[in-house]
Amino acid sequence: MKKLRVKVPATTANLGAGFDTFGSALTLYNIFEVEEYEGIVIQTEPKDSFLEKAENNLFVQVLKYACEKRGKTFYGAKVKQITNVPVARGLGSSATAIVGAILVSSAVSKTELTDERFFEIAYRFEPHPDNLLPAWKGGFITAVKGENTTVYTRFEMPQDIKAVVVIPSIKIPTEEARKVLPDKVSFKDAVFNIQRASLFVSAIVKGDYSLLKTAMEDRLHQPYRKKLIPGFDDVVSSAYSKGALGVALSGAGSSMVAIAKDNFDGIGKAMVEAFRKNGVNSEYKVLSFDNRGAVLEIVE
Ligand code: HSE
């Protein structure tokens with residue numbers, strides 16, 4: 001095998017009202033370089049000794065599983081992982097590793113990557129198509145995960161809006177962020193979200209961004225999750241005060257995402273300041289929406 005490199009985008013899931021449904025890729029990437037090798041050698045950048053152990057490295061675990069699923073023995077790999085997507089911040093870092101490994105595995109085995117095969121492997125590690133699909137395909141995805149199939153649709157995200165992503169120092173593993181969700185919600189709250197999620201799709205497709213503020217309101221997850229994020233409401237209002245079009249928790253958190261057409265730095269700084277006033281360190285990144293998805297190339 002030659003050396004392969006796969007570059008996989010971060011994702012922001014939910015986007016407010018589209019809980020467990022919407023996801024979009026962002027121009028922030030994890031990169032995995034892989035060479036065939038007998039034994040497992042993992043190098044990380046920035047250095048992360050936890051991730052350099054095969055048993056902790058999701059990319060290697062998925063690679064091994066995908067190989068064994070084809071009935072082959074996994075002899076090992078030399079992996080270089082360049083991490084730009086922070087872990088446990090609601091930016092789909094696990095999805096980057098899962099998608100990257102599946103793409104490498106199907107390139108090595110020269111098998112066509114069908115949706116069925118993708119989900120068969122991916123769901124073994126993470127059950128969220130709203131992260132997995134945009135990481136794989138780029139763009140905006142709206143997904144329906146059924147018992148045996150996942151039905152989805154994808155469209156390109158416009159490039160005249162950007163995502164100001166504010167990443168606090170607090171890590172929230174997705175399982176923790178799901179534990180705070182209720183088993184039942186009221187009929188009124190369900191209707192509230194259907195109305196807004198529908199509005200969101202239309203707002204993006206038609207470029208009618210004035211709808212986003214309403215469209216990104218949510219009653220299914222953010223009201224419960226915000227107690228895990230000190231200053232959540234202040235961060236949201238600080239972004240709106242600087243001209244954000246819509247603001248939401250990114251995925252299961254802890255990052256927050258503001259969609260905007262301009263004043264990106266003004267919005268980012270105000271959100272960081274709102275976190276600071278609530279005793280939380282954070283940083284912001286101004287990102288575009290990625291429409292390419294994961295890209296695999298042969299390096300040498
Ligand atoms: N939709 C999922 C959640 C995304 O909000 O829990 C998890 O990354």
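Remember, it's a predicted structure, so these values are computed and weren't measured experimentally. Order of appearance sets the numbers: ligands from 1, and atoms from 1 within every ligand.
Look at R154 and E156 and you find a salt bridge, because one of the NZ, NE, NH1 or NH2 atoms lies within 4.0 Å of a carboxylate O, short of that distance. Between E52 and K47, at least one side-chain nitrogen of the basic residue sits less than 4.0 Å from a carboxylate oxygen of the acidic one, meeting the salt-bridge criterion. A salt bridge does not link R196 to D218: none of the charged nitrogens lies less than 4.0 Å from a carboxylate oxygen.
Interface of D130 with ligand 1, defined as ligand atoms under 4.0 Å from a residue heavy atom, comprises 1 (N), 2 (C), 4 (C). With ligand atoms numbered from 1 in the order given, ligand 1 contributes 3 (C), 5 (O) to contacts under 4.0 Å with heavy atoms of F19. Contact atoms of ligand 1 toward D20: 1 (N), 2 (C), 3 (C) (distance under 4.0 Å to a heavy atom of the residue). Near T174, with a cut-off below 4.0 Å to any heavy atom, the atoms of ligand 1 are 6 (O), 7 (C). Those atoms of ligand 1 that come under 4.0 Å of a heavy atom in N14, given as number and element, are 1 (N), 3 (C), 5 (O).
Looking at every heavy atom in both residues, A17 comes nearest to N193 through O-ND2, 3.1 Å.
Remark: distances from the non-hydrogen atoms of H128 to ligand 1 include one below 4.0 Å. Put simply, part of R225 is less than 4.0 Å from ligand 1, judged by heavy atoms.
Summary of contacts: the protein heavy atom closest to atom 3 (C) of ligand 1 is R178 NH1, 3.2 Å. At the shortest separation from atom 7 (C) of ligand 1 among protein heavy atoms lies N131 OD1, 3.5 Å.
Considering T44, I31, N30, T96 in turn, N30 is the only one that fulfils the side chain to side chain contact (heavy atoms under 4.5 Å, CB included) rule with T83.
Listed by first and then second residue, the ring-ring contact (aromatic ring centres under 6.0 Å, His included) pairs that reach into residues 139-197 are F22-F140, F140-F155, F140-F200, sequence neighbours excluded.
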Enumerate, atom names and distances included, each donor-acceptor pair closer than 3.5 Å involving a side-chain atom of residues 164-177, sequence neighbours excluded.
unit_1 : atom_1 : unit_2 : atom_2 : d
S169   : OG     : N281   : O      : 3.3
E176   : OE2    : K179   : NZ     : 3.3

